[in-house]
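Every chain is numbered from 1 and lettered A, B, ... according to where its sequence line falls, protein lines coming before strand lines. Quantities reported herein were computed from a predicted structural model and do not represent experimental measurements.
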Number of protein chains: 2
Amino acid sequence: MSNNQFKRGELYSVVNGMATTAVARRLQKNFRNAGLDITIEQWSVLYHLWKEDGLSQLELGNRTFRDKASTTRLIDNLEKQELVMRVASKEDRRINLVYLTDIAKPLQQITYELANQTMNEALLDISKEEIDIVKNVFQRVYDNLTNKDLL
Amino acid sequence: MSNNQFKRGELYSVVNGMATTAVARRLQKNFRNAGLDITIEQWSVLYHLWKEDGLSQLELGNRTFRDKASTTRLIDNLEKQELVMRVASKEDRRINLVYLTDIAKPLQQITYELANQTMNEALLDISKEEIDIVKNVFQRVYDNLTNKDLL
DNA sequence: TTATATTAGTTGCATAACTAACTATATGTC
DNA sequence: GACATATAGTTAGTTATGCAACTAATATAA
């Protein structure tokens with residue numbers, strides 16, 4: 001049921017968290033200096049492709065909490081910048097598999113380094129127990145609301 | 001320093017929370033049935049005006065974590081729907097004070113009722129202690145990141 | 001096997017976001 | 001008073017979001 005899909009605009013920061021936003025912002029600054037202009041939204045797509053290359057657009061949409069229209073345009077822009085390419089699936093020709101290009105691949109390492117560094121700074125004085133509580137509360141609030149069809 | 005202002009797209013759901021989103025969504029559905037089409041973003045502005053009518057655009061922007069350009073357009077749209085009106089300040093003619101119209105005012109009560117109801121459902125099984133921990137963790141993560149100029 | 005429904009993706013439309021450049025009013029200093 | 005600076009708001013440009021309507025390919029059912 002496609003209406004069951006979460007919408008990005010709403011869950012965005014909750015799911016990804018302040019720290020992730022800071023990561024994205026630091027990345028953005030860093031790469032802009034190197035002449036690469038990538039938006040925070042585009043980072044979220046690349047991030048999932050680094051974890052698993054060759055995902056379908058729909059799967060990318062699910063993992064980044066976007067609808068398929070938004071995903072289409074994000075990939076359009078990433079393709080224009082030659083960071084990503086679409087390859088029609090041979091098993092099912094409705095499906096576009098999205099692959100990282102040779103330009104995007106080497107960005108992974110520096111990205112991960114910056115991300116780790118930022119997360120460490122963000123969570124400096126936060127204990128494991130506290131993080132667990134926050135995650136748990138989020139999950140329960142989320143469950144409470146989805147049970148009522150409110151998210 | 002105007003660069004010190006938080007950006008909405010980033011802090012949006014963190015600050016307002018999943019529950020607020022759910023409130024807004026429920027409101028949206030409810031009022032759409034009554035022929036009033038108000039976006040979630042517009043709700044956030046109305047919400048602050050119900051708390052304190054006649055705020056300047058800049059103050060509204062601060063309270064809803066938007067920059068002034070975004071605030072301008074949101075108020076443009078609210079004005080088109082005659083939910084809000086701009087009144088130039090007499091003390092300082094650079095300033096627009098934003099007031100609720102007679103159309104918007106009566107929406108407050110039903111809005112607050114729906115909001116309370118939704119919050120209660122969202123936080124059903126969450127204890128006061130847990131909420132305090134979540135708030136506290138957010139504040140500290142936020143502090144950690146702003147100290148490094150990352151938010 | 002043909003008709004029907006479902007699925008993946010695209011496109012059009014309106015709203016919204018942020019940056020940067022701009023206008024107009026106010027303030028501060030000499 | 002005159003000039004520089006700061007402040008409130010608007011406008012232009014680009015990207016992103018969600019909804020709805022659409023195309024094309026696949027799956028299901030008669």
Please state how far atom [atom1] in [X] lies from atom [atom2] in [N], giving the value in whole angstrom units.
X	N	atom1	atom2	result
A:Asp67	C:dT7	CG	C1'	15 Å
B:Glu59	D:dT7	CD	P	15 Å
A:Asn62	C:dT7	CG	P	13 Å
A:Gln57	D:dT23	CD	C1'	15 Å
A:Ile75	D:dA16	CD1	C1'	14 Å
A:Leu74	D:dT14	CG	C1'	13 Å

Report the hydrophobic cluster partners of B:Leu97, with the cluster defined as I, L, V, M, F, W, Y residues connected by side-chain heavy atoms closer than 4.5 angstrom, directly or transitively.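 Taking Ile, Leu, Val, Met, Phe, Trp and Tyr as members, B:Leu97 shares its hydrophobic cluster with B:Met85, B:Val87, B:Ile95, B:Tyr99.
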
Residue pair A:Leu74 / A:Leu60, side-chain heavy-atom distance below 4.5 Å: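 Side chain of A:Leu74 against side chain of A:Leu60, heavy atoms only: no contact under 4.5 Å found.
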
Just checking A:Ser70: base, sugar-phosphate only, or nothing, at a heavy-atom cut-off of under 4.0 Å?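 Base: the residue A:Ser70, judged by heavy atoms under 4.0 Å, touches a nucleobase.
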
Select base, sugar-phosphate, or nothing to describe what B:Asp76 touches, counting heavy atoms under 4.0 Å on all strands.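 Contact class for B:Asp76: none.
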
Ion pair B:Asp76/B:Lys80, N-O distance below 4.0 Å: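 No, B:Asp76 and B:Lys80 are not salt-bridged.
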
Decide, yes or no, whether a salt bridge links B:Glu41 with B:Arg66 under the criterion of side-chain N to carboxylate O below 4.0 Å.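 No, this pair does not count.
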
Any N or O donor-acceptor pair linking the side chain of A:Arg73 to the base of C:dG12 at under 3.5 Å?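 Answer yes: a donor N or O sits under 3.5 Å from an acceptor.
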
What residues from residues 81-96 of chain A pass a heavy-atom cutoff of under 4.0 Å to DNA chain C?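 DNA chain C contact set from residues 81-96 of chain A: A:Arg86, A:Arg94, A:Ile95, A:Asn96.
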
Look at the side-chain N and O atoms of A:Thr72 and state whether any lies under 4.0 Å from the OP1 or OP2 oxygen of C:dG9.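 So the side-chain polar atoms of A:Thr72 never come under 4.0 Å of the phosphate oxygens OP1 or OP2 of C:dG9.
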
Where do A:Leu49 and A:Leu55 come nearest, in terms of heavy atoms and distance?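 Smallest interatomic distance, heavy atoms only, reads CD2-N, 4.2 Å.
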
Do A:Tyr47 and A:Ile103 belong together in a cluster built from hydrophobic side chains that touch within less than 4.5 Å?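 A:Tyr47 clusters together with A:Ile103.
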
